[in-house]
*Asks:* 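Sharing a structure below in C-alpha cells format, with a few things to ask.
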Amino acid sequence: MRIGSRPGPWKRGPVLAALALLLGLLMLLHAKIPNRIGGLGSLVETFLPWFGLFIPVLLAGALWRRSVSAVVALLLPVMVWLHLFGAMLSDKSHPGGDLTVAGHNVGADNPDPAGTARDLAASGADVLALQEMTEQTTGTYEKGLAKAYPYHTVQGTVGLWSKLPLSDTQPVDIKMDVGPLGDTKPAEVKMAYNRALRTTVTTDHGPLAVYVAHLGSVRVNPRAGFWTDSRDRNAQALGEALAAEQNERVVLLGDLNGTMDDRAFDGITSQLRSARNAAGDGFGFTWPASFPVARIDQILVRGVEPESSWVLPATGSDHLPVAAGISW
C-alpha cells in the first residue's frame, strides 16, 4: 500500500520545480526588480552571473528526488543563463590591434605603489589610466611611469599616461558635490578629489577621445540596503558628458563600481560597448583581487573595434588591472 501510494516522477519535487522556475524568472526579469526597495535590483544585477550556481544545486536535488518535473523546470534557468552569459564562455579575441589601452584602480591603501608602477610600465600598454591615486602616491606613479610614458596628465585622483601626445585635457564634472554646500567649495578644493578626466590622444589614425573615471562607491548596510546614490549620480553625469562628446572615437577607462548588467549604467552602455563583451574570454572579474567576484573595472569603446580584452596580473591593489587591444 505504501509503494502504491508513492507519487510518480512527474509529481515528485514540486518545491524544487517551483524554485527552478523562480530562478529562471528572476534572471529573465531582473530588470523589473525594483530598486526602490534597498537597491535590490542593482544588487541582483551586480552578481547576476553567479545565480547560475543554483542550477547544479537544484539539479542534484531533482536527481535525488527523481523528479522529472523539477528537471524539466530547470530548462528555464539554463536557457536564460546561457542567453545572458553563454557568449562569455567562448574566446572572442583576435590577434593584433592598433593600440593597447589599460586601466587600473591602484588603490589608496596600496602598500607598494612603486612596484605597481613597474608592473604597469611592463604591461606594454600604449595608453594607461589610473584611478584612486592619493596626494602621497601620485609622485611615485609619475616617477615610475616617466620612462615608459613621455606624456601624462593628472587631474585630482585620476590620471592618464600615454606613449602618444595628449591635448585638450580637462577634468569632467561627474557631480561629486551636490547641493548648496558643494556650490560653495572653491575649484582648487574640488580638484583635489576630482575623479574623472577627458583628454585627446593623437594617433596615426586620428584623434581618440579618452575618458578616465572613478565613480562613487557602493555600500551594503541594514538601513539603506544596497546604497548606490553617489555612484548612480556620477554615472548619469558621465553619460551626459559622453553624449556631448564630439569625437566619434571614444574610449572610457575606469572603475565604475558596478557591472555592465546594472541598470544604473544604461545611459553609458547605450552609447559605448564593453571591450570585454565584444572581444574577451570569460567573465574577467576584477574585484576583489584576492578572489574576484565582479567586473567593476571597465573598458568601453565607441567608433573603434575591440580586438582583445584581458585581465592583467595582480598588483598591490585590491583591484586587478584590465587591458584591451583596439583597432580602427
*Asks:* Does Met191 share a hydrophobic cluster with Leu238, counting links as ILVMFWY side-chain heavy atoms below 4.5 Å and allowing steps through other members?
*Replies:* no
*Asks:* Just checking, is any N or O donor in the side chain of Thr137 or Thr134 under 3.5 Å from an acceptor N or O on the other one?
*Replies:*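 Short answer, yes.
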*Asks:* Determine whether the side chains of Glu132 and Asn105 contain a donor N or O and an acceptor N or O closer than 3.5 Å.
*Replies:* yes
*Asks:* Is it possible for you to say whether Val127 and Val251 belong to one hydrophobic cluster, with membership spreading through side-chain heavy-atom contacts below 4.5 Å?
*Replies:*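 Same hydrophobic cluster.
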*Asks:* Between Val80 and Leu58, is there a shared hydrophobic cluster once you connect ILVMFWY residues whose side-chain heavy atoms come closer than 4.5 Å?
*Replies:* yes
*Asks:* Look up atom OG in Ser327 and atom CD in Glu307, then write down how far apart they are to the nearest 0.5 Å.
*Replies:*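 Atom-to-atom, Ser327:OG and Glu307:CD are 3.5 Å apart.
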*Asks:* Under the 3.5 angstrom rule, does the side chain of Asn234 hit a backbone N or O of Ile174 as a donor-acceptor pair?
*Replies:*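 Yes; judged by distance alone, with no hydrogens or angles, the pair exists.
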*Asks:* Any chance you could measure Arg249, atom CZ, to Leu208, atom CG, to the nearest 0.5 Å?
*Replies:*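 Going from CZ on Arg249 over to CG on Leu208, the span is 8.5 Å.
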*Asks:* Tell me, please, which residues at least two apart from Ala146 pass side chain to side chain contact (heavy atoms under 4.5 Å, CB included).
*Replies:*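 Once residues adjacent in sequence are excluded, Ala146 has no partner under the side chain to side chain contact (heavy atoms under 4.5 Å, CB included) criterion.
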*Asks:* Taking a hydrophobic cluster as the set of Ile, Leu, Val, Met, Phe, Trp and Tyr residues connected by side-chain heavy atoms closer than 4.5 Å, whether directly or through intermediates, do Leu320 and Leu120 fall within one such cluster?
*Replies:*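 Different hydrophobic clusters.
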*Asks:* Under the 3.5 angstrom rule, does the side chain of Ser69 hit a backbone N or O of Arg12 as a donor-acceptor pair?
*Replies:* yes
*Asks:* Using 4.0 Å as the upper bound for N to carboxylate O, is an ion pair formed by Arg231 and Asp262?
*Replies:* yes
*Asks:* With a 3.5 Å cut-off and no angle check, do the side chains of Asn110 and Ser317 form a donor-acceptor pair?
*Replies:* no
*Asks:* Applying ring pair (Phe, Tyr, Trp, His ring centres under 6.0 Å), which residue pairs with at least one partner in residues 115-170 are found, sequence neighbours left out?
*Replies:* His152-Trp161
*Asks:* For the residue pair Asp266 and Ser270, confirm or rule out a side-chain donor-acceptor distance under 3.5 Å.
*Replies:* no
*Asks:* Shortest non-hydrogen contact from Thr259 to Gln298?
*Replies:*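 Distance-wise, the nearest heavy atoms are CA-NE2, 4.0 Å.
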*Asks:* Does any donor atom in the side chain of Ser93 or Ser308 lie under 3.5 Å from an acceptor atom in the other side chain?
*Replies:*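 No.
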*Asks:* Taking Arg263's backbone N and O only, do any of them form a donor-acceptor pair with Glu45's side chain (distance below 3.5 Å, no angle check)?
*Replies:* yes
*Asks:* Within the side chain of Glu142, is there an N or O that forms a donor-acceptor pair under 3.5 Å with the backbone of Thr153?
*Replies:* no
*Asks:* Going from CG on Leu253 to CG on Leu300, what distance comes out if it is rounded to the nearest 0.5 angstrom?
*Replies:* 8.5 Å
*Asks:* Could you tell me whether the side chain of Asn247 and the main chain of Pro207 form a donor-acceptor pair under 3.5 Å?
*Replies:* yes
*Asks:* If every non-hydrogen atom of Trp81 is compared with every non-hydrogen atom of Pro49, which pair is closest and at what distance?
*Replies:* NE1-O, 2.9 Å
*Asks:* Does the pair Glu305/Arg273 count as a salt bridge with the N-to-O cut at 4.0 Å?
*Replies:* yes
*Asks:* Quick one: does Asn194's side chain have a donor or acceptor within less than 3.5 Å of a partner on Gln155's backbone?
*Replies:*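 Side chain of Asn194 to backbone of Gln155, a donor-acceptor pair under 3.5 Å: yes, one is there.
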*Asks:* Could you check whether any side-chain heavy atom of Val106 comes within less than 4.5 Å of a side-chain heavy atom of Pro113, counting everything from C-beta outward?
*Replies:*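 They are not in contact (no side-chain heavy atoms under 4.5 Å apart), so the answer is no.
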*Asks:* Whether the side chain of Glu245 engages the backbone of Ala241 through a donor-acceptor N/O pair (distance < 3.5 Å, no angle test) should be reported.
*Replies:*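 Checking the backbone N and O of Ala241 against the side chain of Glu245, no donor-acceptor pair under 3.5 Å is found.
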*Asks:* Please report the closest heavy-atom contact between Val44 and Phe51, naming both atoms and the distance.
*Replies:* O-CE1, 3.8 Å
*Asks:* Check the surroundings of atom CG in Asp109: do more than 12 heavy atoms from other residues, nucleotides or ligands lie under 6.0 Å from it?
*Replies:* no
*Asks:* Can you check whether Thr315's main-chain N or O pairs, donor with acceptor, with Asp119's side chain at less than 3.5 Å?
*Replies:* no
*Asks:* Does Asp232 use its side chain to pair, donor to acceptor, with the backbone of Ala264 at less than 3.5 Å?
*Replies:*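 Answer holds: no.
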*Asks:* Atom NZ of residue position Lys175 - does it have more than 12 heavy atoms of other residues, nucleotides or ligands inside 6.0 Å?
*Replies:* no
*Asks:* Rounded to the nearest 0.5 Å, what separation is found between the OG1 atom of Thr228 and the CG atom of Asn35?
*Replies:*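 If I round to the nearest 0.5 Å, the distance is 6.0 Å.
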*Asks:* I'd like to know if the side chain of Arg195 and the backbone of Leu215 have a donor-acceptor N/O pair within less than 3.5 Å.
*Replies:*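 Yes, Arg195 side chain to Leu215 backbone: donor-acceptor pair under 3.5 Å.
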*Asks:* For residues 276-284, run the donor-acceptor check on the side chains, cut-off 3.5 Å, and write out each pair with its distance to 0.1 Å, sequence neighbours left out.
*Replies:*
unit_1 : atom_1 : unit_2 : atom_2 : d
Arg276 : NE     : Gly282 : O      : 3.3
Arg276 : NH1    : Ser309 : O      : 3.0
Arg276 : NH2    : Asp281 : O      : 2.5

